[in-house]
There are 2 protein chains.
Amino acid sequence: MVKARSRPGAAATTGAVTLSSVAERAGVSLATASRVLHGSGGRAVGDALRARVFAAAQQLGYVSNGPAQALARASSSVVGLVVHDVADPYFSAIAAGAMRVARAHDLMVMVAATFRDPELELEYLARLRAQRARAVLLAGSGFTDPGYTSRLAAQIEGFERQGGRVALVGQHGVPADAVLPGHREGAAEAARYLWELGHRRIAVVCGPRALETVAHRLDGIREALRGLGADLAERDVVEADFTRSGGRTATLELLRRNPGVTAILALNDLMAAGALAALREERRAVPAEVSVIGFDDLPQAADLHPALTTVRLPLEEIGERALRLILEEEPGYAPRAVPVPATLVMRASTGPAPR
Amino acid sequence: MVKARSRPGAAATTGAVTLSSVAERAGVSLATASRVLHGSGGRAVGDALRARVFAAAQQLGYVSNGPAQALARASSSVVGLVVHDVADPYFSAIAAGAMRVARAHDLMVMVAATFRDPELELEYLARLRAQRARAVLLAGSGFTDPGYTSRLAAQIEGFERQGGRVALVGQHGVPADAVLPGHREGAAEAARYLWELGHRRIAVVCGPRALETVAHRLDGIREALRGLGADLAERDVVEADFTRSGGRTATLELLRRNPGVTAILALNDLMAAGALAALREERRAVPAEVSVIGFDDLPQAADLHPALTTVRLPLEEIGERALRLILEEEPGYAPRAVPVPATLVMRASTGPAPR
DNA sequence: CTGTTAGCGCTTTCAA
DNA sequence: TTGAAAGCGCTAACAG
């Protein structure tokens with residue numbers, strides 16, 4: 001018995017429209033059809049054949065097979081984007097920037113959400129590697145854990161050896177191209193601003209310290225206060241989830257522990273929103289009794305009540321720059337680092353310290 | 001001269017670690033290595049060989065080649081998600097739900113943002129088809145344009161013929177499995193609520209009417225008012241971008257056109273935020289002078305000032321249900337439609353009509 | 001349980 | 001310019 005699909009091109013019998021069925025229909029070779037339909041630039045094929053191939057493809061409703069192309073070319077047209085959580089506006093802003101760049105390069109974007117699980121981050125990186133992603137942007141802040149760091153470095157190295165490029169948002173303690181948001185400086189500026197307003201009882205509502213972002217922002221505050229001759233007491237730093245509800249809980253706890261605070265630095269805007277809610281519940285006037293500063297300047301920051309004073313980070317730009325770094329520039333001898341400064345945006349949630 | 005890579009397995013020389021180099025190293029056949037490393041379940045290979053293969057893969061640092069697998073299996077492990085804009089909380093919530101389901105099925109998610117451009121939507125669908133995505137979720141609301149609709153239907157049909165599954169959020173006027181958010185009913189309920197509060201001068205601030213979502217919500221309002229013996233005048237419907245700034249602009253315009261309005265229905269929460277901002281600028285007290293209702297119940301709705309009364313849509317659930325529909329159920333004879341009801345959430349931005 | 005082998009659909013020399 | 005043919009890395013019969 002003759003096997004149904006023993007010959008190249010036989011697939012056409014099956015129903016699937018392949019390049020060779022297009023070639024056959026157009027009366028040209030497979031190679032020519034490939035050159036017409038996928039060849040870069042478009043030159044190098046006579047106009048007559050060219051037209052016939054297009055017509056055949058059109059009539060047959062040909063759709064190229066991405067995986068096959070990726071296999072033959074040993075490189076795909078997808079880039080990976082790894083975030084903690086797509087529903088977190090911080091990450092969706094970065095994603096928006098990155099996607100714009102991907103679009104400009106005609107690449108598809110594979111998005112993975114780790115929900116702040118380092119293991120998942122590593123796993124997704126491996127899968128992106130398996131998918132032969134051309135580049136990967138790790139937008140989630142690193143975790144300050146040596147074991148994790150070395151495994152991450154190994155994955156990254158493997159990925160790069162395989163021809164892929166990797167960029168990070170934040171310096172994860174591994175050598176790779178990175179965009180470095182001004183966490184430290186921005187936080188320091190916020191702390192100094194409060195100090196200037198006369199606040200002396202400053203507290204911090206922060207996310208998990210294992211997150212690099214959190215650690216850096218906290219450091220910035222600490223250093224700034226030290227520079228001012230003050231000190232941030234451990235009891236004035238309350239840690240919780242890096243979310244609105246974490247911010248609310250932490251603030252409530254803080255108010256219990258230290259009813260005298262006059263200023264709260266929330267390490268992101270989500271937590272700041274929670275802090276404002278808690279303060280409202282506790283009937284503490286903002287900023288008359290307590291001032292609040294956030295971080296990131298999410299779109300909704302200005303709509304909080306009172307409008308949130310915060311440290312602005314150009315998130316979309318960060319996503320753009322990071323992806324550009326690996327898509328538009330050759331790998332250098334040493335990893336590149338692009339600093340992106342943070343700026344203080346003064347609104348209505350801060351005021352002079354009550355006396 | 002002997003060609004460097006004339007024999008299968010020769011690739012090992014090149015540096016790339018392939019399945020056959022693993023097999024060779026483990027002293028087993030390619031098939032066995034494949035069964036151990038990628039075979040589902042894991043049975044059917046003796047423990048001894050099994051262990052040797054794992055060891056070899058480990059030592060060599062083997063990473064499977066996704067495209068090659070996809071080609072051989074004629075099916076990939078990626079699903080597509082098409083949205084208007086990842087930075088829009090409406091879509092990022094849906095995306096979060098969908099990604100959770102994808103994760104449960106061990107699938108990667110390719111996200112495409114169309115920025116409300118129908119052409120781009122079609123293009124991405126084609127590319128997802130080329131990537132042999134297993135399923136695609138079109139989360140962006142359809143466009144009420146017949147030309148677009150028929151082309152969309154054609155793409156979807158092609159995609160399905162190819163073995164892929166498609167789900168929609170909203171009925172785009174094409175036959176495909178869909179999750180149908182209660183736009184109409186939710187909007188109607190909001191309108192009736194305002195009516196009960198005594199409002200008789202109700203206006204609508206809406207996004208582009210070419211969007212199905214907008215059209216349906218608007219219809220719901222219109223019908224509800226008609227049912228109450230009232231009518232929504234064209235001059236009381238102001239159209240703008242489906243964003244915060246669109247909401248602000250439209251509200252300003254509305255206030256100029258019709259200073260007497262006592263209630264504003266904004267067709268999404270983003271626009272409602274803009275409406276509140278505009279009202280604040282114009283020194284109109286909310287809800288004492290003007291009541292405002294939004295739509296979606298984004299996480300930030302409760303933090304607006306005053307806290308926004310809005311129509312809640314369980315967005316993450318919508319994303320989940322939609323993806324489940326095509327990942328967990330066999331295609332039916334007819335397209336399925338899963339209705340998801342909207343519910344009114346009463347907060348502080350609405351109150352009795354002033355007299 | 002294990003190995004052989006024929007493709008999957010496309011790209012890319014190499015020759016003509 | 002165009003075509004022939006050799007893979008890309010992996011899966012899945014099929015045969016032992």
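This is a predicted model, so every value here is computed, not measured. Here is how names work: the chains are called A, B, and so on, in the same order as the sequence lines, proteins then strands, and each is numbered from 1.
A:L327 has its side chain within reach of A:L107: a pair of non-hydrogen atoms, C-beta onward, lies under 4.5 Å apart. Side chains of A:H105 and A:E328 form a contact here, defined as non-hydrogen atoms less than 4.5 Å apart. Residues B:R50 and B:R35 fail the side-chain proximity criterion, which asks for heavy atoms closer than 4.5 Å. Under the 4.5 Å side-chain criterion, counting only non-hydrogen atoms from C-beta, A:V174 is in contact with A:T149. Within the 4.5 Å cutoff, no side-chain heavy atoms of A:E160 are placed close to those of A:P331.
Residue B:T18 places none of its side-chain N or O atoms closer than 4.0 Å to OP1 or OP2 of D:dG9. In this model, the phosphate group of D:dC10 is not approached by any side-chain N or O of B:S34 to a distance below 4.0 Å at OP1 or OP2. Taking side-chain N and O atoms only, B:T32 has a distance below 4.0 Å to OP1 or OP2 of C:dG3.
You'll find the ring centres of B:H84 and B:F91 inside the 6.0 Å limit.
Along DNA chain C, the nucleotide closest to B:A74 and the one closest to A:A72 are compared, and the more 5′ of them pairs with B:A74.
Between B:L37 atom CG and D:dG9 atom P the separation is 15 Å, expressed in whole Å. Spacing between atom CZ of A:R73 and atom C1' of C:dG9 amounts to 12 Å, rounded to whole angstrom units. Distance A:R50 CZ to D:dT1 C1': 12 Å, rounded to the nearest Å. For A:L19 and C:dC8, the CG to P distance is 14 Å, given to the nearest whole Å. Atom P of nucleotide C:dT2 and atom CG of B:L30 are separated by 15 Å, given to the nearest angstrom. In this structure, the CZ atom of A:R35 is 8 Å from the P atom of D:dT2, given to the nearest Å.
Of the candidates C:dG9, C:dG7, D:dG3, the closest approach to any side-chain atom of B:L71 belongs to C:dG9. The side chain of A:L49 has D:dT2 as its nearest neighbour among C:dG9, D:dT2, D:dA13.
The pair B:E119-B:R151 meets the salt-bridge criterion, since a charged nitrogen lies less than 4.0 angstrom from a carboxylate oxygen.
For a distance-only test at 3.5 Å, the side chain of A:R132 fails to qualify as a donor-acceptor partner of the base of D:dG9.
Counting only distance, with no hydrogens or angles, the side chain of B:H172 and the backbone of B:L152 share no donor-acceptor pair below 3.5 Å.
With the end axes of the helix from C:dC1-D:dG16 to C:dA16-D:dT1 each set by five pairs, the angle from one to the other reads 30° at 10° resolution.
Relative ring orientation between B:Y148 and B:F143 is described as perpendicular, the plane-to-plane angle rising above 60° on a 0-90° scale split at 30° and 60°.
Using a 4.0 Å heavy-atom cutoff across all strands shown, B:A31 reaches at least one base atom of the nucleic acid.
DNA chain D lies under 4.0 Å from at least one heavy atom of each of the following residues of residues 59-69 of chain B: B:Y62, B:S64, B:N65, B:A68, B:Q69.
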